[in-house]
Amino acid sequence: VALAAGRRTSMEDVLNDVAITEVFMAPDGRRVGVALSQLPRDGKSSRRWIEVLDAESGACVFTSCGLGDIANFQWLGDSRRFSFSRDRDDLTELCLYDLNERSCRTLLSGLADFSGYWWANDGSFLVYAVQEEGEKDKAYRHIKNIDDRSGTLVRRQAQTLFFPATGPRS
C-alpha cells in the first residue's frame with residue numbers, strides 16, 4: 001500500500017492514521033456522527049473528536065475540534081440536536097448542540113464521578129447517573145448474595161431526572 005507514488009507505507013503511517021471508533025446514525029437517517037481518534041506522531045495522548053456528516057453528500061456539517069475531548073454522543077429525536085459530555089478538571093459537563101442554530105449550550109456542569117445519561121424520546125428531559133462511594137464507616141453490610149461478601153466497597157449509581165430550562169423544542 002502506498003500513500004504516494006513511489007513511497008511505501010511505514011509503520012508510523014499506520015499507527016498515526018485517523019481511526020473511526022464509533023458511528024451514530026441520526027434518527028431521520030439524514031446525518032451521521034462519526035467518532036474519530038488519532039495518535040499524534042510524537043506518540044503522546046491520542047486526540048479524539050466527532051464530525052457530523054451529511055449522509056447523502058458526505059459533507060462535514062459539524063466538527064468538535066476546539067471543544068475538547070467529547071464523549072457520550074447522543075442524537076435527540078429531532079435529528080438536528082445532539083448531546084455530549086466533556087471533562088474539565090475531573091468534573092463532567094453535559095452539553096447540547098443545535099445544528100440549525102449552530103449553538104452549543106451547557107446543560108449541566110460540575111458533575112463528579114459521572115457515569116452516563118439517557119434522553120426521553122421527545123427530548124423533554126434526561127436522566128443522568130453518577131457513581132457514589134459505599135459507606136465506609138458502616139458497622140454492618142447487607143449481604144444479598146455470594147458476590148456481596150467482597151472486602152472492597154461497592155460503588156453504586158445515583159440517577160437524577162433533569163429538565164432543561166427551555167423544555168422541548170421542535
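Keep in mind that what you see is a predicted model, and the values were worked out from it rather than measured.
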* Asked: Once you round to the nearest 0.5 Å, how far does CD1 of Ile70 lie from CD of Glu93?
  -> 12.0 Å
* Kindly give the heavy-atom pair with the smallest separation between Ser124 and Asp122, and that separation in Å. => OG-OD1, 2.7 Å
* To do: Would you check if Leu53 and Cys60 make a side-chain contact, meaning some heavy-atom pair closer than 4.5 Å?
  => yes
* Arg31 to Ser79 - nearest heavy-atom pair and separation -> NH1-O, 3.2 Å
* Asked: Nearest heavy-atom pair of Gly29 and Ala55: which atoms, and what distance?
  -> O-CB, 3.5 Å
* Report whether Leu67 and Trp49 are members of the same hydrophobic cluster (ILVMFWY, side-chain heavy atoms less than 4.5 Å apart, transitive linking). => no
* Structure fact -> Distance col, row Leu94:CG vs Thr106:OG1, nearest 0.5 angstrom, shows 9.5 Å
* Structure fact -> The complete set of salt bridge (Lys or Arg N to Asp or Glu O under 4.0 Å) pairs with one or both residues in residues 18-29, sequence neighbours excluded, reads Asp28-Arg30
* To do: Output yes when a side-chain donor or acceptor of Asp54 lies under 3.5 Å from a complementary backbone atom of Glu56, and no otherwise.
  => yes
* Rounded to the nearest 0.5 Å, what's the gap from CD on Gln38 to CG on Asp17? Could you check? => 7.5 Å
* **Euclidean distance, Ser37 OG relative to Ile50 CD1, rounded to 0.5 Å** => 11.0 Å
* CA sep, side-chain torsions, deciding dist, call: Cys95, Arg86, side-chain contact (heavy atoms from CB on, under 4.5 Å) -> CA-CA 8 Å; Cys95 301; Arg86 62 182 170 195; 3.8 Å; yes
* Parallel, tilted or perpendicular: ring planes of Phe82 versus Phe84, cut at 30 and 60 degrees -> tilted
* Asked: More than 12 foreign heavy atoms under 6.0 Å from CG of Asn100: is that the case here?
  -> yes
* Please check if Tyr117 and Leu107 belong to a single hydrophobic cluster, counting links between Ile, Leu, Val, Met, Phe, Trp and Tyr side chain heavy atoms closer than 4.5 Å. => yes
* Asked: Under a 4.5 Å side-chain heavy-atom rule over Ile, Leu, Val, Met, Phe, Trp and Tyr, are Val23 and Val52 clustered together?
  -> no
* What about Trp75 and Tyr97, same hydrophobic cluster or not, with Ile/Leu/Val/Met/Phe/Trp/Tyr joined at side-chain heavy-atom distances under 4.5 Å? -> yes
* Side chain Thr21, main chain Ala35, donor-acceptor under 3.5 Å -> yes
* **Polar side chain donor-acceptor pair, Tyr128 to Thr92, under 3.5 angstrom** => no
* **Interatomic spacing from CG in Leu111 to CG in Asp90 - rounded to 0.5 Å** => 13.0 Å
* Do Val32 and Val61 share a hydrophobic cluster (ILVMFWY, side-chain heavy atoms under 4.5 Å, transitive)? -> no
* **Gap between atom OG of Ser109 and atom CZ of Arg88 - 0.5 Å precision** => 10.0 Å
